[in-house]
Amino acid sequence: MSKLNPLHTPEMIERVISTTGDYFDSKQGSGRSTALALRYISDAIGHPRVPIRIMDHHDSVQADRLLAENVKMMIFKLELKHMYVWDRRRDGDRVKFYVSFGESPNR
C-alpha cells in the first residue's frame, strides 16, 4: 500500500468524501506543481540573468502555461523584485515558458 501524500490526511479525506461524496484523484493536490514553481523561482534567484525553463510534471503546453501563471502569482504575492516570466516560440516549436531574475528579457 502506498503512503498518502502529506496533504491528504485522513481528516481531509473524510471531509472531502462527506462533502462531495467522491474521493479525489491521489495525484491532484499533491503539491508537486507548487514545489516546481518554488524551485524555478529559487533557481532564477540563484542564477541571475539566466532564463530558467518552466515545465510542469504534466507534459503539455496548457500545464506549463498554468504553472507559469502560478509562478507569476507567487512572485507577486511574495513581492519579489526584478523577476520576469515570459514565453517564447522558436521555429514552430511548442511555446516554452521561462522565469529569470535580474534584467528584463525584453532588453
Quiz item: Sequence neighbours excluded, which residues qualify as side chain to side chain contact (heavy atoms under 4.5 Å, CB included) partners of Leu78?
Solution: Leu80
Out of curiosity, does [Y] fall in the hydrophobic cluster containing [X] (side-chain heavy atoms, cut-off under 4.5 Å, transitive links)?
| X | Y | answer |
| --- | --- | --- |
| Phe101 | Met74 | yes |
| Val71 | Val95 | yes |
| Tyr84 | Phe97 | no |
| Leu66 | Ile54 | no |

Quiz item: With side chains defined as the heavy atoms from C-beta onward, is the minimum distance between Val85 and Ile75 less than 4.5 Å?
Solution: yes
Practice problem: Taking the side chain as every heavy atom from C-beta outward, state whether Ser100 and Met83 have any atom pair closer than 4.5 Å. | Solution: no
Practice problem: Identify, with sequence neighbours excluded, every residue that meets ring pair (Phe, Tyr, Trp, His ring centres under 6.0 Å) alongside Tyr98. | Solution: Trp86
Quiz item: Distance from Leu67 atom CG to Arg65 atom CZ, nearest 0.5 Å?
Solution: 12.0 Å
Self-check item: From CZ (Arg32) to NE2 (His57), nearest 0.5 Å
Solution: 4.5 Å
Practice problem: Go through the structure and list residues passing salt bridge (charged side-chain N to carboxylate O under 4.0 Å, His left out) with Asp56, not counting sequence neighbours. | Solution: none
Exercise. Return each pair, listed once, that meets salt bridge (charged side-chain N to carboxylate O under 4.0 Å, His left out) where at least one residue sits in residues 72-83; pairs must be two or more places apart or across chains.
Key: Glu69-Lys72
Mind listing the side-chain donor-acceptor pairs of residues 40-48 below 3.5 Å, one per line with the distance, residues two or more places apart or on another chain?
residue: Tyr40; atom: OH; partner: Met55; partner atom: N; Å: 3.4
residue: Tyr40; atom: OH; partner: Met55; partner atom: O; Å: 2.8
residue: His47; atom: ND1; partner: Asp43; partner atom: O; Å: 2.9

Quiz item: Would one find more than 12 heavy atoms of other residues, nucleotides or ligands at under 6.0 Å from atom CZ of Arg39?
Solution: no
Exercise. Test side chain to side chain contact (heavy atoms under 4.5 Å, CB included) on Asp64 and Arg94 and set out the steps.
Key: CA-CA 11 Å; Asp64 292 350; Arg94 77 188 236 180; 2.9 Å; yes
